[in-house]
2 protein chains.
Amino acid sequence: MEPNIATIGSLVGDQARSKMLIALMGGKALTATELALEADISAQTASSHLAKLVEGGLLVVRKQGRHRYFQLRGEEVAGLIENMFNISSSLSEESVFTGPKDKNLRASRICYDHMAGKLATQLYESLVDKQFIKDNISESTLSEEGKQFFLDLGADLSEVSGLKRPLCKPCLDWSERKSHLAGSIGKWVLSDVIQRKWAARDLNSRALRFSDDGLKAFKKRYGL
Amino acid sequence: MEPNIATIGSLVGDQARSKMLIALMGGKALTATELALEADISAQTASSHLAKLVEGGLLVVRKQGRHRYFQLRGEEVAGLIENMFNISSSLSEESVFTGPKDKNLRASRICYDHMAGKLATQLYESLVDKQFIKDNISESTLSEEGKQFFLDLGADLSEVSGLKRPLCKPCLDWSERKSHLAGSIGKWVLSDVIQRKWAARDLNSRALRFSDDGLKAFKKRYGL
DNA sequence: CGAATACTTCGATAGCCATCGAACTAATTG
DNA sequence: CAATTAGTTCGATGGCTATCGAAGTATTCG
C-alpha cells in the first residue's frame, strides 16, 4: 500500500477543518471551543472534527485541566498548509483581498513559528542585500557575516541551530509571493520581537500587530 | 477572502482523484481512459473528476485529435503531492510495503520530472560527498566543481538553468526519507538516463526500470 | 461513407458525512 | 456540595457527491 494521500486531502478538504488548521498556523495552541468559534460551528461538531484531525495525525493534543489544547503536529504539517496557500493563491490570479482583517494579515502575520507578510519579506530581502544570506532562489544559507550579525543581536546560534532543523530556510509567502525567513533563525526573530514587546500576537487571528514604537525599533534593528 | 485551501484539499481528498494525481506524478501526460483505468472507475466518472481537477487548477489539458492528455499543472502541484506523501508515510510509521510493484517503486521511480527512490538518494549523497553539491540539510547549491562536472557530462547548464527554476534543489524522498536531486539538474539527469536508454519509464506506474547494463553504466558515470 | 474509438452530458441512485439537539462525563469554582 | 464550564457521545436529518447506465458529440480508421 502506498501512503494514503486521499485521507490527508479529505481532512483538509472540509471548510470547518480547514479554518481550524489555518487558525492553528498562528502557532499558538488553541482549545476546542476557540477552534469551534474560529470555524463557526457548534462545540459538538468541532469535537468530531478535532478527533478526526488528531486521528489523522495533523494535530496533537495536550490535556490541561478541563481544557484540551490543539496544535499542528509539526513543521511538516505547517509546510503543507502553506504549500496549499501558495497554490490556491497562484490560481485565483487577481483575487480580491479586501477588508481590514486581510490588510493586517498581509502586512504582518505569523506562519507557524516565524514571521510572514510584507514586513517579513522586506527583512529577507534586506538580509540578502547585506549578504548575510546567500539566496539561490529556493535554497539559501547563512553566511559567516550573517552568523556574526545574529550573534551580535543576541541570538544563541548554538542552541538555536542544533537538531535537524535547518538554520535558515526560505518559505514562500502567499500574499507577497516572495521568500520570507523560516527555519531556526526565523523562529528566533519572531520570539525576539515578541519578547521585546515590539509586537503582539492578535488574539483571534494569525495577524501580528506591531506597535508604532515597536515597528520603528524593528526597522532600525534590521536596517530597513 | 483568504485563498481557499479546502477546495484543494477536497480535490485530493477523493480516492479516485488521488490515484490519478499519483499516476501523473510519473511526469507523463496521460489520456482520460488511461487515468480511468488507473483509478478503477468508469470513463464517465473519470471525465467528471478530470473536469474538476482542471477547473480546480491542479491539472492542465492538451487536446490532440480525439485524445485529451492530462498533466500536473506544474512543479508546484507535484511538490504538494510529494509533500503529502511525506506526511502520510511519516504517520503510518512502520507501514508495510510489500509486493513486487512497491519494491520497484522504492528502488527507482519518477517524481514528476526527476528521479526518486533508493538509487536517486544514493546519487545525491555521492554528489554531496564529492562536494559537487553543498548540502545544508534543506537547502543546497551546486558548487563550481559541480557545475564543471555536469558540463563535462554534457549538460547545457545555460539552457537548463535559465528561467526562475532553481538549478539544484533537494526533494525529500518518501520511501527513503532522505534527499534526492530535483530542480533543473535533476530533470536533466533523468532525461539523460532515458535518452541513453539506460532505463525506461514503466508503462503503468511511476517506476523507472533500469536494464542491467544501464544500471552499470549509470553507476559508473556517477561513481556510485 | 459506416464503424469504431474517445470522451462528455444527463439523469437517477445510493452512500457518506457534516451538522446540531439532547444527554452525558469531567473538571473547576464558590 | 451545587452550579458552571469544557468537552464528548449518540442519534436523526439533510445535503452533497461519487457512481454508473444511457444517450450524446467528436474524431479517426478502413
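Each chain gets a letter, A, B and so on, in the order its sequence line appears, and its residues count up from 1. Everything numeric here is computed off the predicted structure, so don't read it as measured data.
Counting only heavy atoms from C-beta on, A:Thr33 has its side chain closest to D:dG7 among D:dG7, C:dA18, D:dA18. Of the candidates C:dT19, D:dT27, D:dT19, C:dT19 carries the atom nearest the A:Ser48 side chain, counting heavy atoms from C-beta on.
Contact between the side-chain N/O atoms of A:His49 and the OP1/OP2 oxygens of C:dT19 is found at a separation under 4.0 Å. Residue A:Thr45 has no polar side-chain atom (N or O) positioned under 4.0 Å from OP1 or OP2 of C:dA18. Of the side-chain N and O atoms in B:Arg66, none sit less than 4.0 angstrom from OP1 or OP2 of D:dC29. Between C:dT8 and B:Arg68, a contact under 4.0 Å exists linking OP1 or OP2 to a side-chain N or O. In this model, the phosphate group of C:dC7 is not approached by any side-chain N or O of B:Ser47 to a distance below 4.0 Å at OP1 or OP2.
Atom-to-atom, CG of A:Leu35 to P of D:dG7 comes out at 9 Å; the value is rounded to the nearest Å. Protein atom NZ of B:Lys19 is 14 Å distant from nucleotide atom P of D:dA18, rounded to whole Å. For the pair A:Lys63 NZ and C:dT28 C1', the interatomic distance rounds to 14 Å; values are reported in whole Å. Here the P atom of nucleotide C:dT28 and the NE2 atom of A:His67 are 8 Å apart, to the nearest Å. Separating the CG atom of A:Leu53 from the P atom of D:dT8 is a distance of 12 Å, rounded to the nearest angstrom. Separating the CG atom of B:Leu37 from the C1' atom of C:dT5 is a distance of 15 Å, rounded to the nearest angstrom. The CZ-C1' distance, from B:Phe70 to C:dA6, rounds to 11 Å in whole Å. B:Gln15 has its CD atom 13 Å from the P atom of C:dC16, to the nearest Å.
Using bins of under 30°, 30° to 60° and over 60° for the plane-to-plane angle, the ring pair B:His114/B:His180 lands in the tilted bin.
When side chains are defined from C-beta on, A:Leu181 does not count as touching A:Met115, because their heavy atoms never get closer than 4.5 Å. When side chains are defined from C-beta on, B:Leu59 does not count as touching B:Val77, because their heavy atoms never get closer than 4.5 Å.
Between the base of D:dG7 and the side chain of A:Gln44 there is no donor-acceptor pair shorter than 3.5 Å.
Nucleic acid contact class of B:Ala16 (heavy atoms, under 4.0 Å, all strands): sugar-phosphate only. Looking at heavy-atom distances under 4.0 Å, A:Lys52 makes contact with sugar-phosphate atoms alone, never a base.
Mapping B:Glu34 and A:Ser42 onto DNA chain C by nearest heavy atom places B:Glu34 closer to the 5' end of the strand. For the pair B:Asp40 and A:Thr31, nearest-nucleotide mapping onto DNA chain D gives the more 5' position to A:Thr31.
A donor-acceptor contact shorter than 3.5 Å links the side chain of B:Arg221 to the backbone of B:Leu153.
Between A:Thr45 and the choices A:Ser42, A:Ser48, A:Ser47, the side-chain hydrogen bond (donor to acceptor under 3.5 Å, both in side chains) rule is met once, by A:Ser42.
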